[in-house]
There are 2 protein chains.
Amino acid sequence: MELNNSFANVLKKMRQEKGLTQTEMALQSNFHRTYISQMERGLKSPTLNTLYTLANVFGISLTQLINAVEQEMQK
Amino acid sequence: MELNNSFANVLKKMRQEKGLTQTEMALQSNFHRTYISQMERGLKSPTLNTLYTLANVFGISLTQLINAVEQEMQK
């Protein structure tokens, strides 16, 4: 699977596993809900800073987040 | 260490270990030399797409690249 789509799937899955809506995710990350939505549709490639913030919201390390994306790419 | 500075250090170190100049790195990655230089000074936060391209140039996985950045942050 293509990189941004893999990231999109992982982001959506982890957000839903946390029981968060896009609006709640926006509040916790301080990103605009539109940005979350664009990333979940594979329209935006997150920056390293964004990835770090998202990993913190999910309570995992950057490496764990990226590893999940790489696993998703192999599907 | 702060995230972008950690990434900057890792990028510079891996490039030098590969024996590449910034110009050669630019050619291999298809990024502008100025962008490489800005990342190596911590002025730009790379996107996920950029990180993937850089990992490919270095012949490592995205996870390995990000893990190196996280190790650097702990210094």
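Given the structure is predicted, the values throughout are model-derived calculations rather than measurements.
- Between A/Tyr52 and the options B/Val69, B/Ile66, B/Asn4, B/Leu3, a side chain to side chain contact (heavy atoms under 4.5 Å, CB included) holds for only B/Leu3.
- Clustering ILVMFWY residues whenever any of their side-chain heavy atoms sit less than 4.5 angstrom apart, transitively, puts A/Ile60 in the very cluster that holds A/Leu48.
- Per-residue heavy-atom pair counts under 4.5 Å with chain A were compared for B/Leu51, B/Leu65, B/Leu62, and the maximum is reached by B/Leu62.
- Looking only at distances, no side-chain donor or acceptor of B/Glu70 sits under 3.5 Å from a matching main-chain atom of A/Ser61.
- Proximity of a side-chain donor or acceptor of A/Ser45 to a complementary backbone N or O of B/Asn49 within less than 3.5 Å is detected.
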